Amino acid sequence: MNEENTYNPEKALAYERNTRISVPTYDALFEMIQSYFRAHINEKEAALLLVGAGGGNELSAWGTSNPEWSFTGVDPSEEMLFFAKNKAVQLGIEERVNLIEGTIEDLPLSDTKFDAASCILVLHFIQNIEDKLMLLKTTKKHLKPGAPFVLVCAYGDRDSTELQNRINVWKAFLQDAGFEKSKADERGKIIMNISFIPESQIQQLLTDAGFTNITRFYSTALFGGWICHAE
């Protein structure tokens, strides 16, 4: 990571604000995941894997309230990891955080497995189904047997009226958040560039990757969240 980057707090705050607008109940989502991890991590000292750690929002949500947890995060964006690193420093948890620029495939396999993992708002940016499956399979390889995994991503049949109706609700929420109608409509078109796949296909990918007890626990606007466990 290039240490000469200049931390831009305004840009970091803008990113977080836009994320919270795009994903209603964003903060509640992280609270739910934290509760789930706490209920299923048997060891007090736990190592968590963050697939797509850019921005560091997982660190903010879970870092200070779980002082026995350590975090390894991977993300291909140098800029977003720079935000995450600065957030870890601000929170005073940098000694418990290891950030790696790259994808999950760049994380070396080790005999020491992780106690839990999350992949939040990443999968829908991967267009190819086989690449989605590879990400999930590789994540599972890094987990202890029975370890909890949480996946959050956009979902839906892109040709369905149901998804279009949800996009319309999402655009109305954007307008109430301060976006002009033209900007909200533009974002509605842009959002179709991500990879929407039906929930049934997401569950099949998780099954094929080696996860069990798959359950959707979260749904808001365009996004869903699934809890499961590594075999």
Side-chain angles (χ1 to χ4, degrees), residues 1 7-75 77 79-101 104 107 110 112-123 139-140 142-153 211 213 215-221 223-230:
M1 194 180 304
Y7 179 59
N8 186 329
E10 291 80 14
K11 190 171 183 178
L13 288 172
Y15 166 77
E16 292 194 10
R17 177 179 179 274
N18 287 332
T19 301
R20 283 174 169 82
I21 292 173
S22 295
V23 187
T25 68
Y26 184 75
D27 292 309
L29 166 64
F30 280 88
E31 292 175 5
M32 293 172 71
I33 296 172
Q34 175 179 249
S35 297
Y36 184 70
F37 282 165
R38 285 174 171 176
H40 290 275
I41 294 175
N42 296 323
E43 301 296 331
K44 185 176 180 182
E45 294 185 1
L48 274 68
L49 172 61
L50 311 177
V51 182
N57 290 333
E58 293 90 340
L59 303 179
S60 295
W62 309 328
T64 58
S65 54
N66 300 281
E68 302 299 325
W69 291 4
S70 61
F71 304 89
T72 296
V74 295
D75 197 289
S77 170
E79 180 181 36
M80 296 309 296
L81 282 180
F82 192 71
F83 289 160
K85 181 177 181 180
N86 277 274
K87 188 164 290 183
V89 172
Q90 292 168 7
L91 294 169
I93 63 171
E94 64 270 26
E95 292 183 357
R96 294 189 279 124
V97 175
N98 177 32
L99 298 173
I100 298 169
E101 184 180 347
I104 186 64
L107 180 64
S110 169
T112 303
K113 305 296 184 181
F114 291 93
D115 298 284
S118 66
C119 180
I120 300 176
L121 304 179
V122 173
L123 199 70
T139 300
K140 189 261 180 186
H142 286 282
L143 292 174
K144 295 178 179 178
F149 174 57
V150 174
L151 173 70
V152 179
C153 63
F211 293 99
N213 300 321
T215 303
R216 177 159 58 87
F217 74 100
Y218 173 83
S219 181
T220 180
F223 306 92
W226 293 264
I227 54 177
C228 53
H229 291 261

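Everything numeric in this text was worked out from a predicted model, so none of it was measured.
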Distance-only check: which donor-acceptor pairs under 3.5 Å involve side-chain atoms of residues 45-53, not counting sequence neighbours?
none

> Between Ile33 and Phe217, is a side-chain contact (heavy atoms from CB on, under 4.5 Å) present by the stated rule, with each step listed?
Replying inline: CA-CA 10 Å; Ile33 296 172; Phe217 74 100; 4.0 Å; yes
Considering all heavy atoms, the nearest [X]-[Y] contact:
| X | Y | result |
| --- | --- | --- |
| Ala117 | Phe37 | O-CZ, 3.3 Å |
| Ile41 | Ala116 | CD1-CB, 3.9 Å |
| Cys153 | Trp226 | SG-CZ3, 3.9 Å |
| Thr64 | Pro67 | O-CD, 4.0 Å |
| Leu143 | Ala230 | CB-CB, 4.0 Å |
| Leu99 | Leu81 | CD1-O, 3.8 Å |

> Quick one: side chain to side chain contact (heavy atoms under 4.5 Å, CB included) partners of Glu94, sequence neighbours excluded?
Replying inline: Ala88, Val89
> Distance from Arg96 atom CZ to Asn66 atom CG, nearest 0.5 Å?
Replying inline: 8.0 Å
>> I need the Ile21 CD1 to Glu16 CD distance, nearest 0.5 Å.
In response: 12.5 Å
Show me the donor-acceptor pairs, under 3.5 Å and distance only, between side chains in residues 22-32 and residues at least two apart or in other chains.
{"unit_1": "Ser22", "atom_1": "OG", "unit_2": "Asn18", "atom_2": "O", "d": "3.0"}
{"unit_1": "Thr25", "atom_1": "OG1", "unit_2": "Tyr218", "atom_2": "OH", "d": "3.0"}
{"unit_1": "Tyr26", "atom_1": "OH", "unit_2": "Asn57", "atom_2": "ND2", "d": "2.8"}
{"unit_1": "Asp27", "atom_1": "OD1", "unit_2": "Arg20", "atom_2": "NE", "d": "3.2"}
{"unit_1": "Asp27", "atom_1": "OD1", "unit_2": "Arg20", "atom_2": "NH2", "d": "2.8"}
{"unit_1": "Asp27", "atom_1": "OD2", "unit_2": "Arg20", "atom_2": "NE", "d": "3.1"}

> Could you give all pairs that pass the salt bridge (charged side-chain N to carboxylate O under 4.0 Å, His left out) test and reach residues 47-69, with sequence neighbours left out?
Replying inline: none
>> Going by side-chain hydrogen bond (donor to acceptor under 3.5 Å, both in side chains), name the residues that satisfy it together with His142, two or more places apart in sequence or in a different chain.
In response: none
>> For Lys144, give me all partners under side-chain hydrogen bond (donor to acceptor under 3.5 Å, both in side chains), at least two apart in sequence or on another chain.
In response: Asp115
>> Donor-acceptor check, side chain of Lys113 to backbone of Pro145, threshold 3.5 angstrom: yes or no?
In response: no
>> Run the side-chain contact (heavy atoms from CB on, under 4.5 Å) test on Val97 and Leu91 for me, step by step, so that the C-alpha distance in whole Å, both residues' side-chain angles and the decisive distance to 0.1 Å come before the verdict.
In response: CA-CA 11 Å; Val97 175; Leu91 294 169; over 6 Å; no
Between [X] and [Y], is any pair of side-chain heavy atoms under 4.5 Å apart?
| X | Y | result |
| --- | --- | --- |
| Phe83 | Asp75 | no |
| Lys140 | Phe211 | yes |
| Glu101 | Phe82 | no |

> Once the angle between the rings of Phe71 and Trp69 is folded into 0 to 90°, is it parallel (under 30°), tilted (30 to 60°) or perpendicular (over 60°)?
Replying inline: perpendicular
